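Take a look at the structure below.
Keep in mind that this is a model prediction, so the values were computed, not measured. All chains are named by letter (A, B, ...) in the order of the sequence lines, taking the proteins before the strands, and each is independently numbered beginning at 1.
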Amino acid sequence: MPSIRLPDGSIRRYDRPVTAAEVARDIGPGLAKAALGAKVDGELSDLARPLERDCALAIVTARKREGGADPDGLFLIRHSTAHVMAEAISRLFPHARLVYGPPLETGFYYDISVEGGRPISSDDFPAIEAEMARIIAEDRAFTRYEMPAAQGMEKLRAEGSKFKLDNAERAREAGSASLSWYATGVPGTDWEDLCRGPHVPSTGRIGAFKLMSLASSYWKGDESLDRLTRVYGTAFATKEELAAHLTQLDEAKKRDHRVLGRQLRLFHVDEMVGQGLILWTPNGSIVRQELQNFISEELRKQGYTQVFTPHIGKLDLYRTSGHFPYYRESQYPPIVEHEQMAALAKEGCSCADLANRLEKGEVDGYLLKPMNCPHHIRIFASQPHSYRDMPVRLSEFGTVYRWEQSGEIGGMTRVRGFTQDDAHLFCREDQVAQELLGCLSLVKLIFGTLGMHDYRVRVGLRDPDSAKYVGDPRNWDKAEDACRTAARTLGVPFSEEPGEAAFYGPKIDFVVKDVIGRSWQLGTVQVDYNLPERFDLSYIGADNQAHRPVMIHRAPFGSMERFIGCLIEHFAGAFPLWLAPEQARVLPISEKSAEYARGLHAALAGAGLRASIDESNDRIQAKIKSASEMKIPYLAVVGPRDAESRRVSVRAFGIEANLGEVGLDEFVDRLVREHRTRGAETLRGTLGR
RNA sequence: GCCACCGUAGCUCAGUGGUAGAGCACACCCUUGGUAAGGGUGAGGUCGUGGGUUCAAGCCCCAUCGGUGGCUCCA
């Protein structure tokens, strides 16, 4: 007879099996009414599932005790909404075959095959939503029933959906002895779906929902299999929460770096130039230059040297490095010289022949560089090295080109040409650990200075079942160990992910999310025992013998393009003074103060600050508004009063008030100091805000 | 690359087959105003591009380029 422990520690004993719904009723009518599901020994379950043995039980509602939405409650609501949507679509699109419909962090989706019938379009959303509203209004119970796996498979075979058969097959492989269905209403009469559950008690418990978007997907994520239509939606316990979520999405859209990039004129992508090729406009170039100055200073402190290398190199270079053979599909095609081309044409060489001969190395050409390492390696190899010189640290803001799939390109985060803040460290094996730490501390310093604390760390290891990796497995083991050890010293939680390594070595990546919730890899540190071997690199050791160096590839920003894309969103376009394209704007109240304002502007410019002056005949309110739209950190409002006392009235971005007056010279000095300290000392801070 | 949707003024968008619209931005004039939009006038578009249907196409059809959301991919 079950004795049931509740979250507050109290125990309820029953002399017969009960359901969670009954326990909730015993606790109180309010809870019974609010209950959506149950957590039995930590596992989410239906409210109606019988509890036969002793267990720990928590009743799941839409709301946590301490306030806010309960993730388990949302899970139940969203999973159930997915079912209701599937039923609605099945009614409206009789040819639709359901595949798989899970809840997500912010909603749910359902993958549906509409092969051989009318496709679903977003124009159909109102009709689908209306049908869903009807199903919800009918308030039908989600009714679970089970049957033994063999019998269940029989039933599915009779129904003839390969998708559901496959789902069932996988459930069996995962060890289920039975299969379960959920009917919305009466099994056998009402609509049903093969499903593990759990669900809310009835359709009426779905508070508020909305269909969001339409996308396509592949069955099991395999592009050679069926193409499916994926309908995304979201659901909440109340209309208010749904509205708040939609507002939040709207706000996020305003922080989107593509929107802000246009508004603040930071960058431009031009149809005529090419997809995924970023044009850095003057404002964006300032941000980039400031970041590059910042990192260059740190590199000098850490003993790096700087190099410049060209954007192309011979194909043979990339055959040796392995880039050309391993990543041919993701590179711009090779460049072949005029005379070679003419000779080949004379021979009647076809495009297919050319590709073939380039691959075999019978024809040489040049490649737009996909990575900087081969060039840096040849710099290292251009001179003999002693163990005393090691490590050699070569850095370059190196621009590379990769042929990304057209559908994947967008904004600054996924592009075809980008500049890495790259460096290659050639070191002795006994120096690897120390150098890795140096790289990681640099990454931490950069992220810390910019206030980016919301990132995760991934240690990418090789996939033991894949053949795409080059080099000796023993070297891989050593390198993977070095990465693990270094990551541990970071003091940040990290995950180890097999299959995420580069083809030449394991890596430590820094991953951040954009406003839409997509993850992007930024900084990366990679240990490489393989390229030194492929290029036969060596240094002379204390024993007067040649030794093989180890390479570390590292780029703390990753690429300037992607990093700044993420940085725009991080600051919502409101850059700190040292990064801001326009740092201060002088706003004269009227023409009467124009001369004083020009003097102030000249003083700011003379001190090396990026300042402008608004001499339009707008009123001060309008001047403030247009300056605010450009998110300028400081506004200096000057009128006759200020001119007389040689002071300025200061306004800082994001604070809708006059921060007070400071003397002209002090204002200039403060801003200079704020710039020089990269925001460690701010004027707004000293003005008490 | 695949699927869906979108492409109209510098920007944001309206315009369902019959002579291209609004707001903001821009130019000029009036206004000289102390902390998030003072008023007026004006200029600005071969409706992404190329074909087709039609008496007539921004609107319908096809192709193509580009964008967005996903999928797949990402050294």
Side-chain angles (χ1 to χ4, degrees), chain A residues 109 111 114 119-124 212-232 253 256 258-259 262-263 265 269-276 318 321-324 326-331 369-374 400 402-411 413-416 420 460 468-470 500-505 507 516 518 520-521 524 526 528 531 553 555 562 587-594 616-629 635-642 649-651 653 655-659 661:
Chain A
Y109 69 78
D111 275 347
V114 285
I120 300 172
S121 113
S122 49
D123 294 342
D124 297 314
M212 301 300 289
S213 66
L214 213 54
S216 89
S217 63
Y218 302 109
W219 190 28
K220 301 182 192 179
D222 182 337
E223 61 185 318
S224 67
L225 298 179
D226 302 56
R227 204 173 2 265
L228 308 172
T229 300
R230 177 171 292 184
V231 186
Y232 281 88
K253 220 180 274 174
D256 190 315
R258 292 164 299 192
V259 174
R262 204 177 7 252
Q263 197 182 316
R265 297 197 289 273
V269 181
D270 194 280
E271 213 178 301
M272 219 169 180
V273 174
Q275 258 192 313
Y318 300 103
S321 70
H323 292 104
F324 182 60
Y326 281 91
Y327 290 98
R328 203 162 343 111
E329 297 306 311
S330 15
Q331 288 158 356
K369 67 177 171 186
M371 288 187 95
N372 300 305
C373 31
V400 298
R402 298 179 187 176
W403 185 261
E404 301 287 357
Q405 296 191 90
S406 64
E408 197 42 74
I409 293 171
T413 43
R414 193 78 183 263
V415 293
R416 283 185 174 160
Q420 297 177 311
K468 81 168 187 178
Y469 306 99
V470 296
E500 289 293 323
F503 77 91
Y504 49 73
K507 54 182 188 162
I516 313 181
R518 292 180 293 203
W520 299 103
Q521 179 199 310
T524 182
Q526 311 174 350
D528 178 7
L531 287 181
H553 309 236
R562 179 177 289 179
L587 310 182
I589 297 285
S590 74
E591 268 171 30
K592 287 181 197 140
S593 318
S616 70
N617 57 4
D618 285 330
R619 294 173 57 191
I620 193 66
Q621 288 86 338
K623 290 182 184 182
I624 287 171
K625 180 169 196 299
S626 48
S628 301
E629 276 169 355
L635 305 182
V637 176
V638 291
R641 284 205 309 262
D642 306 283
S649 300
V650 181
R651 206 178 149 115
F653 180 80
I655 301 172
E656 294 187 18
N658 184 351
L659 283 185
E661 289 93 52

Run the side chain to side chain contact (heavy atoms under 4.5 Å, CB included) test against [X] and tell me which residues pass, sequence neighbours left out.
X: A:Ala594; answer: A:Arg598, A:Glu615
X: A:Ser224; answer: A:Asp222
X: A:Gln275; answer: A:Ser406, A:Ile409, A:Arg416

Exercise for the section: Give one of base, sugar-phosphate or nothing for A:Tyr504, where a contact means two heavy atoms less than 4.0 Å apart. Expected result: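 Sugar-phosphate, backbone atoms only, no base.
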Exercise for the section: Answer with base, sugar-phosphate or nothing: what part of the nucleic acid does A:Gln526 contact at a heavy-atom distance below 4.0 Å? Expected result: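 The residue A:Gln526 makes sugar-phosphate contact but no base contact.
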Distance, rounded to the nearest Å, where [X] contributes [atom1] and [N] contributes [atom2]:
X: A:Leu225; N: B:rG1; atom1: CG; atom2: C1'; answer: 16 Å
X: A:Glu404; N: B:rC71; atom1: CD; atom2: P; answer: 16 Å
X: A:Phe503; N: B:rA75; atom1: CZ; atom2: C1'; answer: 6 Å
X: A:Arg265; N: B:rC24; atom1: CZ; atom2: C1'; answer: 14 Å

Problem - Same-atom distance (P) from B:rG48 to B:rG58, integer angstrom - result: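 10 Å, rounded to whole Å.
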Practice task
Between B:rC11 and B:rC71, how far apart are the P atoms? Round to whole Å, please.
Solution key: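 It works out to 29 Å between them.
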Problem - Nucleotide-level pairing of RNA chain B, given in dot-bracket where Watson-Crick and G-U pairs need both distances under 3.5 Å and | marks other strands - result: (((((((..((((....[..)))).(((((.......))))).....(((((..]....))))))))))))....
Practice task
Taking all heavy atoms of A:Pro370 and all of A:Gln331, pick out the closest pair and write down the distance.
Solution key: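 A:Pro370 and A:Gln331 have their closest heavy atoms at CG-NE2, 3.7 Å.
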Problem - Residues that A:Arg641 engages under salt bridge (charged side-chain N to carboxylate O under 4.0 Å, His left out), provided they are two or more places apart - result: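 For A:Arg641, no residue satisfies salt bridge (charged side-chain N to carboxylate O under 4.0 Å, His left out) once neighbours in sequence are set aside.
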Practice task
Not counting sequence neighbours, which residues clear salt bridge (charged side-chain N to carboxylate O under 4.0 Å, His left out) with A:Glu661? List them please.
Solution key: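 Partners of A:Glu661 under the salt bridge (charged side-chain N to carboxylate O under 4.0 Å, His left out) test: none.
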Could you tell me which residues satisfy ring-ring contact (aromatic ring centres under 6.0 Å, His included) with [X], sequence neighbours excluded, listed by chain and number?
X: A:Tyr109; value: A:Tyr232
X: A:Tyr218; value: none
X: A:Tyr469; value: A:Trp476

Exercise for the section: Look at the side chain of A:Lys592 and the backbone N and O of A:Gly639, then say whether any donor-acceptor pair between them is shorter than 3.5 Å. Expected result: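 The answer is no, because no donor-acceptor pair under 3.5 Å joins these two groups.
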Completion exercise
With B for base contact, S for sugar-phosphate-only contact and - for none (protein heavy atoms under 4.0 Å), nucleotides 64-69 of chain B reads -SSSSB
Handout entry: Per-nucleotide protein contact string for nucleotides 25-37 of chain B (B base, S sugar-phosphate only, - none; heavy atom under 4.0 Å)
Key = -----BBBBBBBB
Handout entry: A:Tyr504 and A:His323 aromatic ring geometry - parallel, tilted or perpendicular at 30°/60° bounds
Key =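 The rings of A:His323 and A:Tyr504 stand perpendicular, inter-plane angle above 60°.
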Dump every N/O contact between nucleotides 9-15 of chain B and the protein below 3.5 Å, one line per pair.
from, atom 1, to, atom 2, distance (Å)
B:rU12, OP1, A:Arg262, NE, 3.3
B:rU12, OP1, A:Arg262, NH2, 3.0

Problem - Cation-pi geometry met for A:Arg328 and A:Phe324 (6.0 Å, 45°) - result: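 Yes.
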